[in-house]
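We're numbering straight along the sequence, starting at 1. These figures come from a predicted structure and were not determined experimentally.
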Amino acid sequence: MASSLIFRISPFTTLSTTLHFPRPISPVLFSTHNSKSLSQLNSTKMEGTEITEEVAEISGPNGNVKKKIFVAGATGSTGKRIVDQLLAKGFHVKAGVRDLEKAKTSLSHDNPALQIVKADVTEGSERLAEAIGDDSEAVICATGFKPGWDLFAPWKVDNFGTVNLVEACRKLGVNRFILVSSILVNGAAMGQILNPAYIFLNVFGLTLIAKLQAEQHIRKSGINYTIIRPGGLRNEPPTGNLVMEPEDTLYEGTISRDKVAEVAVEALVYPEASYKVVEIVSRDDAPKRSYEDLFGSIKQR
């Protein structure tokens, strides 16, 4: 049966083609090599165009200072959903954005658990380290280039930009990194080089190849990572149940951005998500499974 499929160029942009294809969580401590707890606020204040907050130096059970989650690309179509879900589940968030004015209108800036900071992944790891700061426990990358005449844009954002984020984390000692990537990034190795979606997405400056090389850098960095490769992104609410497969398995299917955001947040909580690449779509005929089971079913490589 034919169905409209929206494939992902970036976390911000979707395009359409036609192919044939057959629990709320609490903000518990997530697992890293240097396990730390989540942040708690004392007060909020305005400074110029940025929303800043004072963080209470409150120790968790292990005596470490409580921290925040940094989201890169926080005003994007997927990034915004990640921020919203983190806040809804009690996390404290530092939203990295390129445009502070856009952020003031698109993010819940009156939430005392949210801090908005200027962060452009193309400007290098030093500036990103300043934006991430020593009060961030983990980084979620939901950035993506905007299609245009610049054929190097995918490499500036989806490759070098992601690498810059990883290097900033290494400078700061942030040891948890979650990347929203895409299925088919390794399409050539999967025998999908003639897949219309693989060809189409690579027309825009070899987008999938840029993403794949960024993934490889993450895997060699030594940082505790989860790489999430969603299928074609839909803006509609989730339908069906989540399907999670190992890397280089899925080459078709769609998924709601809301569900992608949920998977990114859940990856913070479950140690079973550590050091793994997962591919996700939604299917009506898939059984409902817990995240512990889903992440646990994927083997590390």
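- Taking both residues in full, the closest heavy atoms of Leu128 and Ala119 are given as CD2-CB, 4.2 Å, listed atom of the first, atom of the second, then distance.
- Judged purely by atom type and a 3.5 angstrom limit, Asp258 has no side-chain atom pairing as donor or acceptor with the backbone of Pro238.
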- Task: Apply side chain to side chain contact (heavy atoms under 4.5 Å, CB included) to Val166 and Leu179, showing your working.
- Result: CA-CA 10 Å; Val166 172; Leu179 173 69; over 6 Å; no

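- Residues satisfying the salt bridge (Lys or Arg N to Asp or Glu O under 4.0 Å) test with Lys259, not counting sequence neighbours, are Glu262.
- At least one donor-acceptor pair closer than 3.5 Å links the side chain of Lys276 to the backbone N or O of Glu272.
- Ile223 places none of its side-chain heavy atoms less than 4.5 Å from the side chain of Ile218.
- A donor-acceptor pair under 3.5 Å is formed between the side chain of Thr207 and the backbone N or O of Leu201.
- In this structure a side-chain-to-backbone donor-acceptor pair under 3.5 Å is present from Glu279 to Leu250.
- Across all their heavy atoms, Ile228 and Ala264 have their closest contact at CD1-CA, 3.6 Å.
- No donor-acceptor pair under 3.5 Å is formed between the side chain of Thr162 and the backbone N or O of Ala214.
- With contacts defined as side-chain heavy-atom distances shorter than 4.5 Å, the pair Val278/Leu294 does not qualify.
- Nearest heavy atom pair, residue Ala95 against residue Leu114, reads CB-CD1, 3.9 Å.
- Taken from OG1 in Thr105 to NZ in Lys102, the straight-line distance is 8.0 Å, to the nearest 0.5 Å.
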- Are Gln213 and Ile209 close enough, and set up right, to give a side chain to side chain contact (heavy atoms under 4.5 Å, CB included), and what steps lead you there? CA-CA 6 Å; Gln213 290 195 10; Ile209 296 174; 4.1 Å; yes

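- For the atom pair Arg219 CZ and Phe177 CZ, the distance stands at 14.0 Å (nearest 0.5 Å).
- At a threshold of 4.0 Å, the pair Lys118-Glu123 does not count as salt-bridged, since none of the basic side-chain nitrogens sits closer than that to a carboxylate oxygen.
- Partner of Lys68 under the side chain to side chain donor-acceptor pair (under 3.5 Å) criterion, chosen from Gln115, His92, Glu137: Gln115.
- Other residues, nucleotides and ligands place more than 12 heavy atoms under 6.0 Å from the CZ atom of Arg289.
- The nearest pair of heavy atoms linking Asn175 to Gly222 is OD1-O, 3.8 Å.
- The structure places CZ of Phe70 at 14.0 Å from CD1 of Ile178, a figure rounded to the nearest 0.5 Å.
- Although no hydrogens or angles enter the test, the distance criterion places no donor-acceptor pair under 3.5 Å between the side chain of Arg257 and the main chain of Asn235.
- Ser290 contributes a side-chain N or O that, together with a main-chain N or O of Asp293, makes up a donor-acceptor pair within less than 3.5 Å.
- Taking the side chain as every heavy atom from C-beta outward, Phe91 and Val269 approach each other to under 4.5 Å.
- Between the Thr122 side chain and the Gly161 main chain, no donor and acceptor come within less than 3.5 Å of each other.
- A salt bridge links Asp158 with Lys211: the closest approach of a Lys/Arg side-chain nitrogen to an acidic carboxylate oxygen falls below 4.0 angstrom.
- Taking CD1 of Ile280 as the reference point, atom CD1 of Ile183 lies at 10.0 Å (rounded to 0.5 Å).
- When the side chains of ILVMFWY residues are joined at heavy-atom separations under 4.5 Å, either directly or via intervening members, Leu100 and Val93 end up in a single hydrophobic cluster.
- When every heavy atom of Ser274 is checked against every heavy atom of Gln300, the shortest pair comes out as O-NE2, 3.1 Å.
- Contact annotation: the side chain of Gln192 never approaches that of Glu252 to less than 4.5 Å [non-hydrogen atoms, C-beta and beyond].
- Distance OG/Ser221 to CD/Gln216: 12.5 Å, rounded to 0.5 Å.
- Using a 4.5 Å heavy-atom cutoff, the side chains of Asp120 and Arg127 are not in contact.
- Closest approach of Ala138 and Val174 over heavy atoms only: CA-CG1, 3.9 Å.
- Among residues at least two apart or in separate chains, ring-ring contact (aromatic ring centres under 6.0 Å, His included) pairs with a member in residues 214-236 are Tyr225-Tyr275.
- For the 3.5 Å distance criterion, the side chains of Thr75 and Arg98 fail to qualify, holding no donor opposite an acceptor.
- Atom CD of Glu247 sits about 8.0 Å away from atom CD1 of Ile227, to the nearest 0.5 Å.
- Lys171 contributes no side-chain N or O that, together with a main-chain N or O of Ala129, makes up a donor-acceptor pair within less than 3.5 Å.
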- Take Val180 and Ile82, measure what side chain to side chain contact (heavy atoms under 4.5 Å, CB included) needs, and give me the verdict at the end. CA-CA 11 Å; Val180 179; Ile82 291 172; 4.2 Å; yes

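- Heavy atoms of other residues, nucleotides or ligands lying less than 6.0 angstrom from CD1 of Ile193 number 12 at most.
- At a threshold of 4.5 Å between side-chain heavy atoms, the hydrophobic network of Ile, Leu, Val, Met, Phe, Trp and Tyr places Tyr251 and Leu206 in one connected group.
- The side-chain heavy atoms of Met190 and Asn195, taken from C-beta on, include no pair separated by under 4.5 Å.
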- Query: Can you list the steps and then say if Ile255 with Leu233 is a side chain to side chain contact (heavy atoms under 4.5 Å, CB included)?
  - Reply: CA-CA 5 Å; Ile255 189 166; Leu233 293 174; 4.1 Å; yes

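- With respect to the salt-bridge test (charged N to carboxylate O, under 4.0 angstrom), the residues Arg229 and Asp248 qualify.
- In this structure the side chain of Asn159 never reaches within 4.5 angstrom of the side chain of Phe152, judged on heavy atoms.
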